[in-house]
Peer 1: 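Got a structure for you, written out below as structure tokens; questions coming shortly.
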Amino acid sequence: MFADVLTGYPLESSFTYRVPPGMDVEPGKRVKVNFARRNVTAFVIRVHDEEPSGFEIKDILEVIDSEAIFNERLVDLCRFVAYTYISSVGEALSMALPSGLKPSARYKVPFTQQETAPIALTSEQEKVFQDILLSREENSLLHCIFGITGSGKTEVYIELAKKMLEQGKSVIYLVPEISLSSQIYERLFHVFGDDLVIYHSHLTSNQRLFNWMRFYRGEARVVIGTRSAIFMQCPDLGLIIVDEEHDGSYKEHSTPRYNARRVALYRSKKEKTLVVMGSATPSLETLYAGENGIIRIHRLTRRFGGARLPEISIVKVSGGSPDKVISNPLKLDTKRAVDAGRQVIYLLNRRGFSPFVICEDCGHVIECPHCNISMNYHKGGSLLCHYCGYSAQLPAVCGKCGSRELTKLGSGTQRVEEIIEETFRGMRIFRLDQDSSRKKGSVFNLMDSMKNGEIDILVGTQMVAKGFDFPNVSLVGILMADIGLNIPDFRASERIFSLLVQVAGRSGRGSEPGKVILQTLDDEHPLFTFVRQQDYEGFYRSEMLVRKSLNYPPYTRIARLLVRGKEESDVIAAMGKLKTSIDKAVAEAGENIQVLGPAAAPMEKIGGNYRHHIIMKSRSVDMLRKVIVESRGAVNSNNVYLEIDIDPHDMM
């Protein structure tokens, strides 16, 4: 007997090993094999009697699994991921499957199941619920619930999930962040009990394997998890929920760089599965697909429970230094809210890693004339576009109003945190960010503390915008909004609009009306007007005009090729070879493919590695793929590494 296996290496073909007598090997199991002089985990995809010739056949060393943990359906899904995102099938399988060796049930649910009253949907929610079920019977499987913050999208998701379970089907419920999955998990646990498992990277590898197998066998029929849960297999998948579908966390940042939202759409097509996405700020690509009849859009326009949308005030601050970051109106309203027994959230936007230049008088930001992207300030007074490589000297005066008050904005966030603590001495302040959320139990502790009124001010980065429901929050303060708006990324406006609307939606979710104070250096920027009016359609129309004129998604597809290495000279040399190879492949293809760069990446050096990139645009993703596959061999030095990203969500 022989077995064909795949490994987690970037190699296209499978490899054949002999099955020793008495060893129980079957497709869907993991095994240990000696590969390239190393003992590695491999994935069995076929068992047969066809002895290969021309090379020495090695024996399988060990069987890891007592039963199959994946099926041909997952292999097919990984073939799609490998083809779309340009990796090997083995790399995709290695990413999709849990790495644990022995299933462990040691994860303890940090709360007890409680009886919950049946959900009474509003008439608006009931219409969306019924429309989705009816359209499923008509084989219309792709849906997006476009509902304002607090409109009760979760209630619709839960009712849809209950309906699937009644029909003997399983449900995958995706959320963008582990912190959010913790809050939703508690709510779903009270509804589904032991029929629910959780799946994310804060579990141990053996706990993930245990939950994977429970879902795989059909012992649990609802899984809530982050992007990797999109690969989970079950006897009969009926529904995939993609909550906060606009969020960039659904995009993987290592090979293969898949987008869980796009993988969900593929599973819908192959498995005839219902996909329901939801957001208060759907991605431009999703709304565009809705306009073109690919996805059905459903609206929720009223807040659940009669709550009102918060009032949003825009406050102009006078400078970019951390000492000026908390305005007097925000200080006053914070004190009033806490004195009244209410809670406050501060959004501290940390995305301004590299300074951009803004006029303090008129708010004008210096942009690249070729890319409509803010230029970054570098030491010595030069400005650089990290898309096309265009450079210029820092002007003496503002090109819009002639003022000499040009300031660099984009650093000093640690000092801002200190100022918040100094300004509100005696108040109970909690900070939520990636670091603090990694501590075991921290998110559950946060939820309990917020519910019990033990926190006065919750200070956080973008994590605080992602779906938390704290009814006692009556004020949200948004600090340094300009930073997120002016990073050198064509999605910057969409990303910051979504972030601001989402975090504003944390206010006023209970019986008391909420308030939002948005602080900016440029109070006349049209984006902030759209935010204040909570006018997503207006923003969408405005942004789509920019995207169309500059040939950005959704009107085109984008690929990013990034070369990184310890020596910048090696990186530049490799990029030169790659660019020559790409130009040749584009010329031979005869297609309209736009190539930008090479240029230094916005984050030019990370972890001691220099980073340069090329950006490619085309209406045909297949043509992009063809050119990349033909060109990537030009980067053949051991001193550099090539990253390939199809449909990148972050251009940093």
Side-chain angles (χ1 to χ4, degrees), residues 248-249 251-255 257 320 322 348-358 365-368 370-371 373-394 407-416 433-435 461-462 480 483-492 495 558-579 582 595-616 632 634-646 648-652:
S249 299
K251 177 72 170 173
E252 174 61 46
H253 296 293
S254 58
T255 303
R257 292 172 171 78
L348 178 58
N349 200 348
R350 287 173 175 255
R351 291 191 64 90
F353 60 89
S354 184
F356 59 91
V357 178
I358 187 170
V365 173
I366 299 178
E367 294 183 340
C368 173
H370 307 295
C371 299
I373 297 295
S374 62
M375 299 179 72
N376 280 161
Y377 175 84
H378 288 255
K379 290 179 180 179
S382 65
L383 298 170
L384 179 65
C385 172
H386 287 284
Y387 267 37
C388 71
Y390 173 80
S391 63
Q393 284 299 115
L394 178 67
T407 187
K408 298 182 290 294
L409 187 65
S411 56
T413 53
Q414 283 188 331
R415 175 63 184 142
V416 171
D433 56 19
Q434 292 285 1
D435 293 333
T461 53
Q462 58 183 354
M480 299 189 295
I483 290 178
L485 183 59
N486 291 293
I487 62 173
D489 190 326
F490 75 90
R491 297 186 195 272
R495 192 177 286 121
I558 283 185
R560 182 193 193 206
L561 285 74
L562 184 144
V563 174
R564 55 178 167 85
K566 297 292 184 183
E567 297 294 333
E568 189 171 21
S569 58
D570 292 338
V571 172
I572 292 172
M575 286 303 281
K577 292 179 182 178
L578 180 61
K579 177 64 160 57
I582 287 173
V595 182
L596 301 176
M603 296 183 73
E604 189 172 351
K605 192 175 183 182
I606 298 178
N609 281 287
Y610 290 92
R611 309 164 74 248
H612 288 232
H613 63 181
I614 288 173
I615 295 166
M616 301 167 60
R632 61 180 172 175
V635 182
N636 54 14
S637 168
N638 292 329
N639 298 327
V640 298
Y641 181 81
L642 173 64
E643 296 180 4
I644 299 171
D645 197 353
I646 305 296
H649 201 273
D650 193 323
M651 308 291 278
M652 296 298 101

Peer 1: I'd like to know if Arg495 pairs up with Asp650 as an ion pair, taking the criterion as any Lys NZ or Arg NE/NH1/NH2 lying under 4.0 Å from an Asp or Glu carboxylate oxygen.
Peer 2: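 Between Asp650 and Arg495 there is no salt bridge, as every charged N stays at least 4.0 Å from the carboxylate O atoms.
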Peer 1: Just how far is it from atom CG of Asp645 to atom CD1 of Ile558, taken to the nearest 0.5 Å?
Peer 2: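 The CD1 atom of Ile558 is 10.5 Å from CG of Asp645, to the nearest 0.5 Å.
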Peer 1: Taking salt bridge (Lys or Arg N to Asp or Glu O under 4.0 Å) as the cut-off, I'd like each qualifying pair that reaches into residues 598-613, sequence neighbours left out, listed once.
Peer 2: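 Sorted pair list comes back empty.
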Peer 1: Taking side-chain contact (heavy atoms from CB on, under 4.5 Å) as the definition, give me every residue that meets it alongside Ser391, ordered by chain and number, with sequence neighbours left out.
Peer 2: Leu384
Peer 1: Taking Val635's backbone N and O only, do any of them form a donor-acceptor pair with Lys577's side chain (distance below 3.5 Å, no angle check)?
Peer 2: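 Not at all, since once roles are kept as given, no pair shorter than 3.5 Å links the two residues.
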Peer 1: Apply side-chain contact (heavy atoms from CB on, under 4.5 Å) to Asp489 and Met652, showing your working.
Peer 2: CA-CA 7 Å; Asp489 190 326; Met652 296 298 101; 3.7 Å; yes
Peer 1: Is the shortest side-chain heavy-atom distance between Arg632 and Leu561 below 4.5 Å?
Peer 2: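 With C-beta onward as the side chain, the pair stays apart.
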Peer 1: Measure the CD1-CD1 distance between Ile582 and Ile614 for me, rounded to the nearest 0.5 Å.
Peer 2: 4.0 Å
Peer 1: Partners of Arg560 by side-chain hydrogen bond (donor to acceptor under 3.5 Å, both in side chains), sequence neighbours excluded?
Peer 2: His613
Peer 1: When rounded to the nearest 0.5 angstrom, what distance separates OH in Tyr377 from OG1 in Thr407?
Peer 2: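 Separation between the atoms: 10.5 Å.
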Peer 1: Side-chain polar contacts of residues 562-575 - donor-acceptor pairs under 3.5 angstrom, sequence neighbours left out - could you list them?
Peer 2:
| from | atom 1 | to | atom 2 | distance (Å) |
| --- | --- | --- | --- | --- |
| Arg564 | NE | Glu643 | OE2 | 2.6 |
| Lys566 | NZ | Gly607 | O | 3.3 |
| Glu568 | OE2 | His612 | NE2 | 3.3 |

